[in-house]
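Indexing begins at 1, ligand by ligand and atom by atom, following the structure's order.
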Amino acid sequence: MNGDMNGADNDAEDGRVPAIGLVVLDAEQRAELVRRAGAVAGRLGAAGITMVALCWVDNAGIARVKTIPLGRLERAAGWGVGMSPVFDVFLVNDDITTSKHIGGPDGDLRLIPELDRITALAGQPGWALAPVDRYTQEGRRYAGCQRTFAHRMAGEALAQGLTARMSFEVEWALGTDDDGRFVPACTGPAYGMTRVIELSDYGREVVGALEREGIVVEQFHPEYAAGQLEVSVAASDPVGAADDSVLVRQTIRAVSARFGFQVSFAPSVVAGSVGNGGHVHLSIWRDGKNVLAGGPGRHGLSSDGEAFAGGILASLPALTAVGAPSVASYLRLVPSHWAGAYQCWGRENREAALRLVTGSSGEHDVRANLEIKCFDLAANPYLVAGSLIAAGLAGLRSGATLPPETSGDPVGRPAADTAGPGPRRLPQSLAEAAGHLERSAMLREAMGDPLFDAFLAVRQAETELFDEVSADDIVARTRWRW
Ligand code: GLU
Ligand code: MG
C-alpha cells in the first residue's frame, strides 16, 4: 500500500477521526489501486469468486468484517468501504466503551483492501478474504489502524537495517456446545495418534485448505487439552504473519463448520485446564544474517540479538496486556501449563515466557528464533507484531542484556538460585497487565496516543465487565468469541 508510513504525528483534524502522517492518498494513487484491483478481480472471477470479505481485527482481538460483491472490488480498492471508528472501542461481548480520541458515533473510516493479500477461501467456496488498512475519508492513514502500526514498526526496524520474521502458532479446541458445556470432537489422548484417526478427514481437509490458500503448513498435531489441535505455519514478514494468522483461523473455523464442529481459539476453553496459546516466533536479521545465531553470546546470540531479546524480556509485563489482552487470558497464563507465566528466558524452556529456540546443529543460522509463549489468540496479531518490534528496538537503543538463563520450571523457585532474584511472575490479571501497559511510555510512543488509549480503554472496560465473575462464567461468556 502506498502512503506515508513514517509520520508519527497524530492529530484529529480529519473531522473527529485521528490520522497519522501527512501524506494523503492522492488521485493518482487511487487510480493505480483501481487499475490493479481490476486485474485482481479478473483473476478471482475466473476462479469462481463472487464475494470478498474485507476483514480487520479490533482491539478486543475479534475479526470484524464488511463484505462486498466482487464487482465492487475496484471501487473499494480506490476509495474504501465505510466503517465507524467506534469499533476500536468494542469489547469482547460487543459492548462499547469510549476513549480520549476514539469512541462515539461520529466519523467514518474507509477500509481499503490489501490487493496483494486477497486470498480465495478454501473453506468458503466463492468467497475471498482481504485484510484492510484503514484510512480517513481524507485519504490519510487512520491513527487507530492496528495493521498500519505493525507496518510502521517493521519499517522502523528496516530503517535500522533489521528485518523481522515472524509466525503465529495457532491452537484451537474443536467440539460442540452442549448447553454451555464444551464437548470435545475427539476422545483420544494428548498428542495421540488416536485423535488423528478420529479426525482423519477433518485434519487432512484443514491442512489441504490452508495449502490451497498458499499457507505453508509446517506441522499439524493434536495438543494437550481435550479436543485441542494445533498448526504451525512458516514465518513471514511481520504484517504478513499477522495476515496469515487471521486467514488460518478463519479457514480452520470454516472447515470445522463444514464438519459440524465449533472452534474455540479462546485462551481458556474449560476453566482449570490447559488453554489455547498463541505463541509468537520471531527472528531478526541484519545483512541477511540471523542475529540470534552465530554470535559470541550465550547459545550463539550476537550483541544485537541479545539486546533485542533483552528489550522484549524487560517489557514483558506491559507486553502481556497486548499479547494476553483478555480477562480470560489470565485463566490460561498460570505456572506449569507451558504457557510461560514467568518473566524469564531459557534455551528450549517451555515454562519460560521467552524461549530461545536454537534449532539443531547445522541449521542454527536459519532456525534460531525467539518464542514468546505467554501470548494467546485473544490478541490482535498486528498489535502483537508491532509491539514486539517496538520493545526489541527499545532494547537495542538502551543496549539491553539478558539476565542469567532459567532452566527448568521456575515455579516455586527460591528467590536467589542464580546470581540475581528468581524469575518474576508475569501479571496475574488483566487489571495488573493493563497497569503495566498504562505506565509503558515505550508502547504509548510506538502506538501513538489514539491507538494506545483506545486499546487501554478496552482493557479497562473488560476488566470491569468481568469484575467478580467466576472463572467458569468468564470462560462460558468468552469461549466462542474469538
Ligand atoms: N497450550 C499451551 C499454551 O497455552 C502451549 C502448549 C505448547 O507448548 O505448545 O500456551
Ligand atoms: Mg502447542
Leaving out waters, which are not shown anyway, how many protein N, O or S atoms lie closer than 2.8 Å to the Mg ion (ligand 2)? 3
Arg64 with Asp94: basic N within carboxylate O range, under 4.0 Å: yes
Which of these, Glu171, His221, Lys373, has its nearest heavy atom closest to atom 6 (C) of ligand 1? Glu171
Whether Glu348 and Arg355 form a salt bridge (side-chain N of Lys/Arg under 4.0 Å from carboxylate O of Asp/Glu) is what I want to check. yes
Are any of the N or O atoms of Glu223 closer than 3.5 Å to those of ligand 1? yes
Check each atom of ligand 1 against the heavy atoms of Gly277 and keep those under 4.0 Å away; list them by number with element. 3 (C), 4 (O), 10 (O)
Quick check on contacts: which atoms of ligand 1 are under 4.0 angstrom from a heavy atom of Arg332? 3 (C), 4 (O), 10 (O)
What atoms of ligand 1 come closer than 4.0 angstrom to any heavy atom of Glu230? 9 (O)
Between Arg286 and Asp304, is there a salt bridge with N-O shorter than 4.0 Å? yes
Trp172 versus Asn276, side-chain donor and acceptor atoms under 3.5 Å: no
Between Asp376 and ligand 1, which residue portion shows a heavy-atom distance shorter than 4.0 Å: side chain, backbone, both, or neither? neither
Is it true that the NZ or CZ of Arg459 lies under 6.0 Å from the centre of Phe455's six-membered ring and within 45 degrees of the ring axis? yes
In terms of the angle between their ring planes, are Tyr202 and Phe261 parallel, tilted or perpendicular, with boundaries placed at 30° and 60°? perpendicular
Could you tell me if any non-hydrogen atom of Arg350 lies under 4.0 Å from any atom of ligand 1? no
N/O to N/O below 3.5 Å, does that happen between His337 and ligand 1? no
Sub-4.0 Å atoms of ligand 1 with respect to non-hydrogen atoms of His279: 3 (C), 5 (C), 7 (C), 8 (O), 9 (O), 10 (O)
Salt bridge check: are Arg350 and Glu371 linked by an N-O gap of less than 4.0 Å? no
Enumerated ligand 1 atoms positioned under 4.0 Å from heavy atoms of Val274: 1 (N)
What I want to find out is whether Arg212 reaches Glu205 closely enough, with some N-O distance under 4.0 Å, to be called a salt bridge. yes
Inspect the contact between Asp449 and Arg444 and indicate whether a charged nitrogen and a carboxylate oxygen are less than 4.0 angstrom apart. yes
If you look at every heavy atom in Leu129 and Cys55, which pair is closest and at what distance? CD1-CB, 3.7 Å
With heavy atoms of Gly275 as the reference, note each atom of ligand 1 found under 4.0 Å away. 1 (N), 2 (C), 3 (C), 4 (O)
Check ion pair Arg249-Asp244 (N to O, under 4.0 angstrom): no
